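Working notes for the structure below.
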Amino acid sequence: MIDNRLAFCYALQSFGILTEVNEMQQQTVKRASFLRRGLGRLWDVKEIGIIVPTLVYGVIVQLINPVFFTPLNLANLLRQTGFVLIPALGMTFVLIAAGIDLSVGSVMGLGGVVAGFCMVNFGLPIWISILVTLVFGLLIGFVNGAFITRFNIPPMIMTLGMMYIARGAVFVATKGLPIYPIPKAFQAIEQGTFLSMPTIISICLVLCVLFHIVLTRTTFGRSVYAIGGNSEAAKLSGISTRRVTVRVYAICGLMAAMAGVLMSARLGSAQPSAGEGYEMNVIAACIIGGTSTFGGRGTVLGTAIGALFMSVLSNSMTLMKVDVYYQKLVIGAVLIAAVILDQYKREMDKKRIK
């Protein structure tokens with residue numbers, strides 16, 4: 001269409017009717033340049049690699065099962081995302097700092113049980129029970145970080161041990177039985193709405209903004225990236241790597257305990273099996289969202305999109321009546337693919353630097 005217009009303009013110019021062809025050419029070039037710049041900026045968005053597949057997959061699922069985009073299912077989907085996203089925010093800090101925490105699922109279960117014990121067995125007020133639970137999660141994360149840095153224990157080994165300790169403590173305390181009845185006011189924390197959204201989504205939005213600011217606008221956040229990028233260089237630049245490492249694990253434990261509190265409020269009881277297997281979903285959400293398993297790279301937005309993708313994947317397979325065992329197989333395959341993609345990105349970055 002543009003070429004035809006230009007040809008017509010040239011014809012008019014040859015008859016002396018039009019003398020502004022050059023200006024039209026310049027305008028056409030400017031528009032094309034603007035479009036290229038816009039597409040280039042969109043392509044440069046780090047999270048575009050997961051945003052597009054999530055949207056495309058959602059559309060495909062909707063075509064297969066029209067129930068997917070109904071308000072009720074979307075509300076359930078967002079709630080499901082919240083239970084993954086909250087601990088994943090803490091895990092993002094840990095992974096950026098070149099660590100890993102396999103205990104988050106067990107800490108989630110322990111958090112719900114601690115809150116349940118405080119309210120049901122000890123009769124403590126709801127807000128005190130929640131505060132005790134959050135402090136408990138913070139201390140577990142602190143112990144993880146302190147042992148890793150003080151005794152040079154590999155993060156995977158230390159947190160794997162803590163995973164078994166926390167889960168064992170849950171079953172010892174509960175004898176494998178759920179704790180109930182949970183007060184209605186406590187259940188309303190998660191089952192209610194805030195600003196026309198499920199409460200857990202409102203909490204997630206606030207946490208995402210807060211964590212993004214901390215990660216990108218504070219000295220602590222820059223230190224986390226520095227440690228993950230090159231720990232020795234971070235030390236030489238004056239960063240206390242031990243202190244920062246302990247803090248990121250403490251944050252991760254805190255977020256896991258918070259997710260456990262919200263999960264028990266959602267279920268209406270403190271279930272000993274709550275959070276089982278969540279560590280893999282949390283880690284997968286971070287890696288799929290672009291957080292590197294080798295440290296030094298990751299964003300809060302990427303983690304949020306990764307958590308949404310994991311929930312969309314699980315929710316869609318449930319709607320399509322895929323057997324639960326096959327669901328685990330698919331999630332495992334997605335995790336492996338995400339790690340392979342992360343490794344590929346690192347190799348490409350090295351080649352660009354060279």
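Just so it is clear, the model here is predicted, and its values are computed rather than measured.
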Legend entry - Partner residues of R266 under the salt bridge (Lys or Arg N to Asp or Glu O under 4.0 Å) criterion, sequence neighbours left out: E190

Inset, instruction - Taking salt bridge (Lys or Arg N to Asp or Glu O under 4.0 Å) as the test, write out the residues that go with R247, two or more places apart. - result: none

Legend entry - Criterion side chain to side chain contact (heavy atoms under 4.5 Å, CB included) on V107 and F136, from CA distance to verdict: CA-CA 9 Å; V107 176; F136 212 86; over 6 Å; no

Return yes if some donor-acceptor pair links the side-chain N/O of [X] with the main-chain N/O of [Y] below 3.5 Å, else return no.
| X | Y | result |
| --- | --- | --- |
| K175 | V172 | yes |
| S237 | A234 | yes |
| R167 | G105 | yes |
| S103 | M163 | no |
| Y249 | I100 | yes |
| T245 | G145 | no |
| S314 | M310 | no |

Please give me the minimum heavy-atom distance between [X] and [Y], naming the atom from each residue.
| X | Y | value |
| --- | --- | --- |
| A274 | M263 | CB-SD, 3.8 Å |
| G298 | I96 | O-CD1, 3.7 Å |
| A307 | V84 | CB-CG1, 4.1 Å |
| G82 | P87 | O-CD, 4.5 Å |
| T92 | T299 | CG2-O, 4.2 Å |
| A166 | S106 | CB-CB, 3.7 Å |

Inset, instruction - For a side chain to side chain contact (heavy atoms under 4.5 Å, CB included) with F220, tell me which candidate from I239, L215, V248 qualifies. - result: V248

Inset, instruction - Please determine which of T149, V143, I251 meets the side chain to side chain contact (heavy atoms under 4.5 Å, CB included) test together with V246. - result: T149

Inset, instruction - Could you please spell out the steps behind the side chain to side chain contact (heavy atoms under 4.5 Å, CB included) verdict for I130 and F186? - result: CA-CA 10 Å; I130 294 174; F186 178 73; 4.1 Å; yes

Joint hydrophobic cluster, [X] plus [Y], side-chain heavy atoms closer than 4.5 Å:
| X | Y | answer |
| --- | --- | --- |
| L74 | V312 | yes |
| L160 | F142 | no |
| L55 | M317 | yes |
| I128 | V114 | yes |
| L85 | V209 | no |

Inset, instruction - Check the pair T291, R297 against side chain to side chain contact (heavy atoms under 4.5 Å, CB included), reporting the backbone distance first and the verdict last. - result: CA-CA 5 Å; T291 303; R297 187 174 66 219; over 6 Å; no

So for atom [atom1], which belongs to [X], do other residues, nucleotides or ligands contribute more than 12 heavy atoms lying within a distance under 6.0 Å?
| X | atom1 | answer |
| --- | --- | --- |
| Y180 | OH | no |
| M320 | CE | yes |
| F147 | CZ | no |

Are a donor atom and an acceptor atom from the side chains of [X] and [Y] found within less than 3.5 Å of each other?
| X | Y | value |
| --- | --- | --- |
| S231 | T241 | no |
| N73 | N315 | yes |
| S264 | Q271 | no |

Working to the nearest 0.5 Å, report the span between [atom1] of [X] and [atom2] of [Y].
| X | Y | atom1 | atom2 | value |
| --- | --- | --- | --- | --- |
| I126 | I189 | CD1 | CD1 | 5.5 Å |
| D101 | C252 | CG | SG | 4.0 Å |
| L95 | I283 | CG | CD1 | 6.5 Å |
| L210 | L205 | CG | CG | 12.5 Å |
| L110 | F117 | CG | CZ | 10.5 Å |
| K321 | N65 | NZ | CG | 9.0 Å |

Legend entry - Verdict with reasoning, T70 to V67, per side chain to side chain contact (heavy atoms under 4.5 Å, CB included): CA-CA 5 Å; T70 59; V67 177; 4.0 Å; yes

Inset, instruction - Report the relative orientation of the aromatic rings in F211 and F93; use parallel for angles under 30°, tilted for 30 to 60°, perpendicular for over 60°. - result: perpendicular

Check: [Y] and [X] side chains under 4.5 Å, non-hydrogen atoms:
| X | Y | value |
| --- | --- | --- |
| V61 | Y57 | yes |
| T81 | I200 | no |
| T174 | P178 | no |
| L301 | H212 | no |

Legend entry - Non-neighbouring partners of F122 that pass ring pair (Phe, Tyr, Trp, His ring centres under 6.0 Å), sequence neighbours left out: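 Counting only residues at least two positions away or on another chain, F122 forms no ring pair (Phe, Tyr, Trp, His ring centres under 6.0 Å).
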
